[in-house]
Student: 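So that we are looking at the same thing, I have put the structure below in structure tokens.
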Amino acid sequence: MSLLDPGFLRRLARLRLVARRRFAGASAGARRSTRRGSSAEFADHRPYYPGDDVRRIDWNAYARLEELVLRLFVAEEDLSLYLLVDTSASLGEPREKLDVAKHVAAGLGYVALTGSDRVSVWPFADRLRAPSAPVRGKKRVGTLLRTLDALAPSGETDLARAVDELCARRPRPGLVAVISDFLDPAGYQRPIDRLLAERHEPVLLHVVHPEELDPTPGGDFVLVDAERGTSLEVSLDERSLRAYRARVRAFLDELTAFAKRRGLYYGRVSTAEDFETTLLRYLGAAPRAGQA
Amino acid sequence: MELLSPLSLAWLGLLAPLVLLYVLKRRRERRIVGSTLLWEAALRDLRAERPWQRLRPHLSLLLQALVLIAGALALARPTGAGQVPAGARLAVVVDVSSSMAAREDGQTRLERATGLARGLARDLPPGGAMMLVAAGAEAEVLAAPTSDRVRLEAALDRLRVRGPGADLEAAVALAAERLRDAPAGSRVVVFTDAAIAGTLVLDATVPVEVRPIGEALSNHAILALDVRAHPSEEISDRADVFVRLARFGEGRGEVRVRASIEGGRELAARRLTLEAGEPTGLVLSAELPPDGSARGALVRVELETVGGDDPFPLDDVAAAPSPAARRLPVFLVGDAPPAVTRVLSADREVELFATSLARLAERGADAPPLDGLFVYAGPTPEAAPPGDSLVVAPTGDAVFGVGLGAPVARPTLVSWEEGDPRLRFVRFADVHLGAIRPIEGGSARALLTTDAGPAIASLSRPDGETTLVAFDPADGDWTSRPDFVVFFRNVLERARERRAAGGIAPGALGAPLRVPAPDGARVGVTTPSGRALAGTSRGGVAVIDVPAEPGVFVARVGERERFALRNLTDAEESDLSPRAVFSRRGGAGGVATVEPVEHREAWPFLVGAVLALLAIEVLWGTRKGAAA
């Protein structure tokens with residue numbers, strides 16, 4: 001399905017992207033910011049220091065306290081959404097994994113753009129690939145969708161390196177949607193922690209295929225790793241499948257527990273189900289999480 | 001290639017199930033998946049759970065199969081061709097003739113043959129036995145058939161080059177006789193340079209392998225040496241040194257010939273070119289006066305190849321006595337019959353000194369020994385002097401331990417030893433003696449026998465020889481016959497030869513020196529190369545095993561020095577080309593001629609391969625484990 005399907009776009013338009021935390025922004029937007037700004041909502045006072053905008057001096061307070069203090073207001077700023085999309089070869093086997101990853105990214109991006117937020121796409125595999133320039137405004141939806149549509153799977157997964165390279169560019173803290181299968185031999189914990197340390201809010205969207213979760217029993221195969229090229233002889237008998245399922249279960253449990261420990265949203269995106277459902281589930285859960 | 005323990009190949013039977021499991025590998029469908037990380041973890045879990053796993057095509061499988069093959073082959077002890085089957089006997093005949101001293105590639109032919117024989121001894125299979133026969137002029141068994149490698153090594157260490165000639169036929173026959181009842185697979189292996197002319201019939205009931213050692217080499221040699229007196233009016237001690245030289249092989253070569261007095265000055269030198277196949281005679285003139293003790297000098301001739309090394313040094317040196325060595329001091333003790341004095345004086349190379357027993361007794365113990373022929377007329381001392389002596393018409397009842405009977409007038413001559421050098425060209429037919437005193441005692445060997453008993457006899461001792469004439473030659477008609485003069489000249493000539501030869505019996509190059517010496521006496525020998533050897537006299541003779549070196553050997557017994565000259569001068573040995581033709585009796589069967597092979601068992605290499613494979617396997621396994 002093309003990312004520009006009209007029905008899909010109409011359904012997305014009804015949604016409102018809500019971040020779970022307030023972030024500082026470079027320009028005024030529709031989201032509360034942790035920075036004090038110039039909106040009408042009062043936040044606090046602070047002492048005046050030479051050089052401050054004298055227009056912000058609270059003269060009423062001066063009359064009462066005989067001290068110069070400034071009135072501080074909650075700034076309303078735009079949200080930066082970073083779509084960190086895994087384009088490694090493992091997302092191409094089967095191809096539906098990358099497709100669903102792109103659809104989820106497109107949906108998130110669309111919602112953000114319609115909410116006046118900044119959106120940029122950061123595809124990665126063994127390293128960060130050419131990120132797109134941040135776009136803002138509903139008119140840039142086409143640009144976003146074309147960028148996502150051009151992504152193709154290749155290379156191994158190295159989330160840690162990709163995150164390091166992302167952080168090296170010192171983007172404004174924002175919402176980082178990590179859309180991946182998280183099958184990284186080096187692990188996913190450290191890069192996610194790094195994002196947290198850089199004051200980003202990671203959202204873990206785990207792309208899975210049903211055959212990965214529960215392979216069809218029967219048959220002897222030489223499984224070839226799409227990323228590393230290594231092969232493995234596997235007989236899909238009950239014993240092997242039982243061991244594999246246990247491993248998958250442990251992997252999913254660990255990922256879920258990791259996200260929970262850090263207060264992150266973790267959503268599983270299966271190629272077998274409508275990705276919109278997953279997206280709406282996240283968008284619906286976000287306000288509650290953000291208020292917590 | 002042979003296997004010394006072929007039964008060990010049964011271990012290869014383990015390869016069948018190993019390969020079978022490999023061949024029976026299930027055919028699998030290839031499927032590309034996003035990642036095998038979780039599958040790898042799951043399979044590790046499975047392997048940890050169960051002791052058995054399915055055999056998969058694996059580098060380890062290949063390495064382990066190779067280890068198994070190499071190990072089984074190592075146990076089977078594969079070796080090069082020519083090895084002895086288990087239980088068989090091997091007779092190794094090694095040519096020890098002089099030509100085996102030729103050097104090739106930094107070692108002599110004998111050293112190479114010994115090394116190869118040592119390899120055979122080392123590679124003996126379980127139950128195998130080996131004997132060692134040295135084929136010199138006579139065959140000698142150095143080791144009877146044995147499996148004891150220490151004994152074999154010791155016997156191999158005793159192999160050394162001997163004199164000319166290698167009786168390979170006798171050696172092979174001797175070895176084959178020992179292998180007559182040996183099990184199948186037994187054989188005779190002959191290491192020889194085949195530098196023997198003609199056809200050799202190697203008659204044996206077991207297979208005979210001839211393994212040639214060495215190749216045809218060019219060689220310069222001294223074929224003959226003689227020193228003759230050639231006095232002139234100005235120089236009475238002038239002598240000519242006759243040398244016969246030859247080049248064996250092909251082409252031509254330049255040599256330098258140098259003649260010198262043994263241990264002294266150089267006499268003459270000459271440089272000349274030798275053509276192959278054209279022996280050349282060379283005459284060098286020199287002055288050769290006797291030394292202070294009237295002993296003639298010994299002449300040493302050396303041959304040096306110009307611009308190259310000579311592969312065979314044994315024929316590059318020769319030694320010979322000078323004419324001055326023919327001068328024989330004769331000490332006449334007592335009043336000899338005029339006929340005897342006259343015949344002694346008539347010899348131009350005799351220096352006659354008249355003396356008496358009393359004057360001899362007056363010589364101090366530290367006086368230098370008199371070196372010459374003692375001629376006693378009448379009374380004799382109790383003990384014989386060192387060296388040779390002649391007793392004529394003794395007056396006592398005994399001479400040097402041999403009794404003399406009462407005089408017997410006009411005995412009838414019965415027989416005489418025509419083969420004795422002293423009686424060469426001497427006949428006693430129609431000779432009439434006046435009276436004799438029959439010689440008694442078993443130690444005397446009769447030279448002339450009468451009906452009354454021996455009239456002339458030879459008394460041999462380790463350090464000398466006495467000719468006893470137990471009658472007055474002037475009493476009768478013997479002195480009027482030429483045979484009388486010839487007899488005394490023969491006695492002088494024999495004494496002269498024995499003295500010139502140093503008192504040591506002549507022998508072939510490499511033959512042990514038999515040095516006469518009193519029982520128990522310590523005898524020291526210095527070889528031409530200066531090596532010191534020693535031995536003890538047993539039964540009047542000290543047998544000293546000497547190396548095959550040409551030149552002068554000096555033997556010391558007490559204060560006396562004796563000399564032994566050893567030369568090769570044998571064209572057969574100097575020709576280093578392999579030319580012998582080997583056959584079997586009746587021409588049937590023939591003789592296998594096999595190029596010598598350095599026999600080394602392959603198992604050390606196979607064990608090395610096993611270790612290398614194991615190391616690879618371990619490295620691979622650990623790395624794979626680490627990666628997992």
Side-chain angles (χ1 to χ4, degrees), chain A residues 86 88-98 153 156-157 180-188 207-209 211-216 218-252 254 271, chain B residues 14-68 613 615-628:
Chain A
D86 185 352
S88 65
S90 64
L91 269 292
E93 293 296 338
R95 178 73 187 209
E96 294 96 304
K97 287 171 67 178
L98 184 58
E156 298 185 28
T157 305
S180 171
D181 57 7
F182 293 100
L183 292 172
D184 186 344
Y188 52 83
V207 181
V208 297
H209 191 277
E211 192 64 22
E212 288 180 340
L213 299 179
D214 190 8
T216 306
D220 298 300
F221 298 95
V222 175
L223 301 183
V224 180
D225 190 300
E227 292 188 5
R228 297 175 294 160
T230 56
S231 58
L232 194 67
E233 289 188 356
V234 172
S235 296
L236 297 183
D237 52 16
E238 189 55 37
R239 183 184 175 81
S240 301
L241 287 175
R242 191 163 54 244
Y244 178 73
R245 289 188 196 109
R247 272 289 169 180
V248 170
R249 191 162 50 250
F251 177 66
L252 296 177
E254 184 184 341
T271 58
Chain B
L14 293 177
L15 201 57
L18 190 66
V19 174
L20 189 64
L21 289 172
Y22 180 79
V23 170
L24 289 178
K25 179 178 72 72
R26 196 175 297 179
R27 187 177 294 279
R28 295 174 184 275
E29 182 185 339
R30 183 180 172 86
R31 175 179 289 182
I32 298 176
V33 296
S35 175
T36 57
L37 285 176
L38 297 176
W39 272 114
E40 288 169 6
L43 294 182
R44 277 200 303 275
D45 294 342
L46 281 180
R47 279 197 292 271
E49 286 176 6
R50 62 188 179 192
W52 302 98
Q53 62 176 337
R54 185 192 303 276
L55 183 65
R56 298 181 305 278
H58 209 269
L59 179 59
S60 277
L61 173 69
L62 176 64
L63 292 173
Q64 287 159 8
L66 290 174
V67 165
L68 180 62
L613 286 169
I616 293 172
E617 211 276 338
V618 168
L619 272 177
W620 186 84
T622 52
R623 286 182 66 82
K624 182 173 181 294

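Chain identifiers are assigned alphabetically (A, B, ...) following the order of the sequence lines, protein sequences preceding nucleic acid strands; residue numbering begins at 1 within each chain. The analysis underlying the following values was restricted to heavy atoms, covering all of them including side chains, and did not include hydrogens, waters or symmetry mates.
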Student: Pick whichever of A:P185, A:A89, A:S231 has the most heavy-atom pairs under 4.5 Å with chain B.
Tutor: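 Most pairs with chain B among the choices: A:P185.
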
Student: Is A:D181 close to chain B through its backbone or its side chain, or both, or neither, when contacts mean heavy atoms under 4.5 Å?
Tutor: neither

Student: What part of A:L232 is in contact with chain B, defined as an atom under 4.5 angstrom from a non-hydrogen atom: side chain, backbone, both or neither?
Tutor: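 Interface part for A:L232: side chain.
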
Student: When you compare the side chains of A:S235 and A:D237, does any donor N or O come within less than 3.5 Å of an acceptor on the partner?
Tutor: no

Student: A:L236 versus chain B, heavy atoms under 4.5 Å apart: side chain, backbone, both or neither?
Tutor: side chain

Student: So which bits of residues 221-229 of chain A come within less than 4.5 Å of chain B, counting non-hydrogen atoms only?
Tutor: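 Listed by number: A:F221, A:V222, A:L223, A:V224, A:D225, A:A226, A:E227, A:R228.
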
Student: What are the two closest heavy atoms between B:G34 and A:E93, and how far apart are they?
Tutor: N-CB, 3.6 Å

Student: Got a donor-acceptor contact below 3.5 angstrom from the A:K97 side chain to the A:H209 backbone?
Tutor: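 Answer holds: no.
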
Student: With a 4.5 Å cut-off on side-chain heavy atoms, are A:E254 and A:Y188 touching?
Tutor: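 Yes - at least one pair of side-chain heavy atoms lies under 4.5 Å apart.
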
Student: According to side chain to side chain contact (heavy atoms under 4.5 Å, CB included), who are the partners of A:R249, at least two apart in sequence or on a separate chain?
Tutor: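 A:R245, A:A246, A:D253.
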
Student: Partners of B:E29 by salt bridge (charged side-chain N to carboxylate O under 4.0 Å, His left out), sequence neighbours excluded?
Tutor: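 None.
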
Student: Go through the structure and list residues passing ring pair (Phe, Tyr, Trp, His ring centres under 6.0 Å) with A:Y244, not counting sequence neighbours.
Tutor: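 Listed in chain order: B:W39.
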
Student: With a 4.5 Å cut-off on side-chain heavy atoms, are A:V234 and B:T36 touching?
Tutor: no

Student: Counting only non-hydrogen atoms closer than 4.5 Å, does A:P153 touch chain B with its backbone (N, CA, C, O), its side chain (CB onward), both, or neither?
Tutor: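 No part of A:P153 comes within 4.5 Å of chain B.
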
